[in-house]
Structures are given as C-alpha cells and as structure tokens.
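Working notes, beginning with the structure itself.
Keep in mind it's a predicted model, so treat the numbers as computed, not measured. Chain A is the first sequence line, chain B the second, and so forth, proteins listed ahead of strands; every chain is numbered from 1.
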Amino acid sequence: MANFTVTIENTNEVFRTSDRNTVLEGMAALGRKGIPVGCSGGGCGVCKIEVLSGTYRKRVMSRAHISVEDEESHRVLACRIWATSDLRLKVIGKIQRSVSRGAPEAGAAQSPMPG
Amino acid sequence: MAMKGVLRPGHIQLRVLDLEESVKFYGDVLGLVETGRDKQGRVYFKAWDERDHNSVILRQADMAGVDFFAFKVDGKAALDKFDADLRAYGLATERIAAGELLETGERVRFELPTGHKIELYAEKTDVGNGMPYLNPEAWTPAAEHGIAPLRMDHALLYGPDIEKAQAILVDVLGFYLVEHVLLEDGKTDLAIWLSCSTKAHDLAFVRHAEPGKLHHIAFQLESWEKVLRAADIMAMNKVTIDIGPTRHGITRGTTIYAFDPSGNRFETYSGGYSSYPDWKPITWTIDEVGRGIFYHDRKLNDAFLSVVT
C-alpha cells in the first residue's frame with residue numbers, strides 16, 4: 001500500500017491518503033461537519049474537484065457532471081479517483097460550501113435549508 | 001374496495017455506469033432475481049415475490065438516473081382510455097410496441113412537467129414467485145438471498161412544476177394526495193406523496209430546479225427486523241449508506257437510504273400505513289420538515305435536497 005499527501009487548495013488543508021481509498025474518503029475523514037459525501041458512485045456530482053497537480057487512477061463518472069473536456073482538464077469526481085502520487089486539488093462541486101465552512105478561513109455562513 | 005385503473009408501479013428503467021458491477025449489486029446484494037437480457041444489452045430483474053416478469057431494468061449509460069417509471073393498468077381497455085384521456089388533457093403520448101421490453105405488452109409513454117417519462121401498460125408475463133398457485137409454501141430460498149425485498153414499491157422523483165404533475169396524476173390517472181410539505185409561503189408544495197392504491201405512496205415528488213431527476217427507488221421489506229438485516233448486508237458489502245436505519249414521519253415507513261454502484265439512491269423500507277382515497281391529506285409545514293422526512297434525527301441531512309441522479 002502506497003501513501004500520498006493531498007493538499008486542498010481552497011483551505012490549505014493537507015491529509016494523507018492511500019491508493020486503497022478514494023480521495024473523497026480522505027476528505028471525509030477530515031471530519032468536517034456537513035460534508036455531503038453524496039452517492040460515492042460517480043453519479044450525483046457533488047464532490048467535483050479539479051486536480052491541479054499529481055497523478056491518479058479513475059473509474060467511470062457520470063457525463064451529467066463530468067464532460068469529456070472536464071475529464072481531460074482533470075476536473076473529476078473525488079469519489080471516483082485514487083491518488084497515485086501526491087495531489088494538489090481545488091474543490092469545485094456542491095461540497096465546496098461545506099469544505100470552506102468551518103475551515104480556518106471560513107467564508108460566510110450558508111443557510112442550511114432548502115438547497 | 002375494488003382496484004381499477006392504475007394498479008401499481010410496474011417497472012423502472014435505471015441508467016448505470018458499469019453494467020456488470022451493477023448486475024452483481026442488484027442480484028447478489030439487493031437480492032433481486034435476474035429474469036432476462038435483451039438485444040440492447042439491458043438486464044431485467046424482479047423482486048422474488050413479484051409475479052410479473054420484470055420490475056427493474058438496468059441500462060448501461062454514461063450518466064446515472066432514471067429513463068422511465070411505469071404503472072400497470074387493469075387491462076387493454078383501460079390503457080386505451082388513459083391514452084385518449086392524456087391526449088385530451090393536452091399531453092403528447094407515444095405507443096411503444098409490445099415486446100420492446102421483454103415479456104411486456106404495449107406501453108403508452110408520456111412526459112410529466114417534472115421532466116420524467118411515465119409509462120402505462122396492461123400486460124406483462126406472469127412468471128410467478130417461484131411457488132405454485134395451488135397450495136404454495138410461504139417463501140422460497142430466493143427470499144433470503146441478499147436483502148431480498150418483496151417488491152419494487154415506489155419512487156421519489158425531483159423536478160419542477162410538481163403541482164402540474166400532481167394535476168395530471170390525480171385528474172387523469174386517478175391518484176390521490178396522501179401527504180404534502182408546504183414551503184414558507186404556506187401555499188406552495190415542496191413535496192407531495194401520491195397513491196393509486198391503498199399504499200401510503202406509489203409516487204412522490206420534491207420540487208427541484210433541474211428536471212427528470214431521481215431521488216430514490218424504493219423496495220419493500222417485510223419488517224423492521226428485515227430493515228436491520230438489510231443494513232448488515234450493506235455493511236458487509238461496503239454499500240454507501242445515506243441515512244438509517246431510521247423512520248420517516250411522512251408515511252411512517254422504517255427505512256434506509258443507500259446508493260447503488262452508480263450513485264442511484266435506493267430505499268429499503270417496511271411498514272408505513274394503509275391509505276384510502278376518501279382520507280384527507282396530511283399536511284406538514286416547512287419548520288417541521290426535518291421530523292417529517294427523518295423522524296428520529298428531526299432534521300434533514302445535507303444530501304436529502306442536493307444529491308440526486
């Protein structure tokens with residue numbers, strides 16, 4: 001099992017992940033309240049991220065959320081990628097709000113209802 | 001009470017991202033019975049206790065979600081009448097030839113203003129539940145394979161204009177409103193639960209900007225204990241659980257929400273009350289919606305309004 005470091009650019013948070021866990025599982029393990037992990041199957045699109053540097057293995061993701069161009073530009077779903085090197089990433093999906101909320105430099109509070 | 005007209009949910013065609021992974025999931029983890037594959041590559045399943053040939057059809061596609069949801073009606077005359085009534089209402093209908101879906105008769109398809117394709121059909125081959133019609137046993141080994149629900153029970157769909165969908169389902173197809181959740185204005189519905197039978201719901205909607213979305217497809221289990229057994233099977237198979245086991249305030253069903261391998265949410269539930277068309281609908285206000293949806297937590301989880309396929 002290989003271990004890698006993932007940096008979330010939005011919050012400058014860093015976590016360790018392995019090639020056995022998806023990047024989303026690592027983000028969820030940060031324990032931030034309110035991260036909607038979503039479907040974890042590549043279907044709902046809430047965990048969309050952009051990988052800024054590093055390499056990863058991926059599985060099929062819904063074209064409703066990840067276009068061919070997205071995929072080529074390393075915009076992917078965190079639940080469907082596994083790091084194969086250290087990664088830097090930016091959260092761009094619906095979870096961005098939850099990632100930023102409660103982080104050291106948290107943004108404005110969001111209304112929880114209705115989405 | 002004699003049930004006429006629209007009888008029950010009959011089938012759903014789901015889009016999956018990886019067919020064989022999904023076939024394994026629906027067959028071995030959810031515990032449906034595979035009943036066939038067609039030339040298009042679609043795979044057909046039924047719950048063990050259902051008698052008609054299929055209720056869940058999987059199609060490999062590049063996005064998850066629902067292709068169509070169908071209801072069985074009580075005969076070809078009813079099918080023709082509903083087709084005419086839908087057209088008279090101003091909706092376009094399409095006839096799909098018998099056999100386009102395996103062992104299934106002619107279908108009438110139309111689109112609701114919520115963006116969902118709904119089908120009606122009168123005929124589907126009775127392949128039985130594995131037990132004879134004469135002096136049967138109580139269950140078969142298939143009743144213990146995987147989660148093994150009794151039937152595909154209902155769906156919750158997300159889309160705009162739910163009041164227009166409600167009008168069509170109630171005025172043309174004979175459904176009735178069982179429960180609903182009002183938005184802050186006290187007039188507009190956030191969500192509606194509709195029945196065509198004595199079930200607390202056969203089809204439900206939540207108001208949502210994007211059309212044609214699936215929130216969940218529900219499978220009925222026999223008891224709360226079977227719901228807990230389903231949770232164990234999900235844990236053993238690393239299925240992503242959304243919430244539960246818990247209870248809904250609305251319909252009073254005991255439930256788990258979880259995701260299939262493509263991210264389509266499904267529900268394994270039991271209980272809920274019986275309803276009748278002469279009953280007054282139950283109303284929930286937005287400030288109590290948390291208790292209505294998840295009775296024990298008394299609040300919505302982040303995924304309820306945002307995670308759909």
Side-chain angles (χ1 to χ4, degrees), chain A residues 20-25 27-48 57-72 76-82 91-102 109-115, chain B residues 14-22 25 60-66 158 181-184 188 190-191 206-216 234 238-243 257-266 286-290 293 299-309:
Chain A
R20 289 193 194 167
N21 293 101
T22 66
V23 168
L24 181 64
E25 285 171 323
M27 291 167 66
L30 286 169
R32 187 73 44 65
K33 187 180 179 302
I35 288 187
V37 166
C39 74
S40 294
C44 78
V46 298
C47 64
K48 191 167 178 177
R57 182 165 58 82
K58 66 187 175 191
R59 286 205 58 208
V60 62
M61 297 167 251
S62 173
R63 281 276 175 255
H65 304 288
I66 302 296
S67 65
V68 174
E69 190 199 341
D70 278 337
E71 207 167 332
E72 284 167 357
V76 292
L77 299 179
C79 70
R80 301 293 266 186
I81 68 159
W82 290 259
V91 177
I92 54 181
K94 283 183 196 162
I95 63 169
Q96 185 185 346
R97 182 174 89 179
S98 312
V99 168
S100 301
R101 183 205 301 157
Q110 299 281 338
S111 162
M113 266 290 302
Chain B
L14 287 170
R15 297 188 296 266
V16 298
L17 300 174
D18 180 327
L19 187 66
E20 286 315 315
E21 176 188 39
S22 301
F25 172 82
Q60 176 149 323
D62 64 5
M63 55 184 77
V66 55
Y158 274 39
V181 177
L182 290 172
L183 284 166
E184 289 85 348
T188 315
L190 168 67
V206 166
R207 189 180 301 280
H208 186 73
E210 236 184 316
K213 293 292 173 181
L214 174 68
H215 184 273
H216 72 262
M234 290 177 196
K238 298 184 172 53
V239 173
T240 303
I241 293 178
D242 182 12
I243 193 164
Y257 283 159
F259 296 101
D260 84 355
S262 308
N264 295 308
R265 191 187 278 96
F266 68 97
I286 195 73
D287 56 314
E288 295 274 350
V289 68
I293 304 295
K299 58 175 192 280
L300 297 184
N301 64 354
D302 286 343
F304 185 78
L305 288 170
S306 59
V307 175
V308 293
T309 56

Inset, instruction - Name the region of B/D62, side chain, backbone, both or neither, that has any atom closer than 4.5 Å to a heavy atom of chain A. - result: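 Contact with chain A involves both backbone and side-chain atoms of B/D62.
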Legend entry - Structural part of B/E210 lying under 4.5 Å from a heavy atom of chain A: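 B/E210 has no heavy atom closer than 4.5 Å to chain A.
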Legend entry - A/M61 side chain near B/M63 side chain, heavy-atom distance below 4.5 Å: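 In short, these two side chains do not touch, never coming nearer than 4.5 Å.
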Approximate separation, where rounding is to 0.5 Å, of [X] [atom1] and [Y] [atom2]:
| X | Y | atom1 | atom2 | value |
| --- | --- | --- | --- | --- |
| A/R59 | B/E21 | CZ | CD | 4.0 Å |
| B/T309 | A/H65 | OG1 | NE2 | 7.5 Å |
| B/K238 | A/S40 | NZ | OG | 14.0 Å |

Legend entry - Nearest atoms (heavy-atom pairs only) where B/F259 meets A/G38: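 For B/F259 and A/G38, the tightest heavy-atom pair comes out as CE1-O, 3.3 Å.
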Inset, instruction - Please name the pair of heavy atoms, one in A/S62 and one in B/A64, separated by the smallest distance, quoted to 0.1 Å. - result: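 Closest pair (atom of A/S62, atom of B/A64, distance): OG-N, 3.7 Å.
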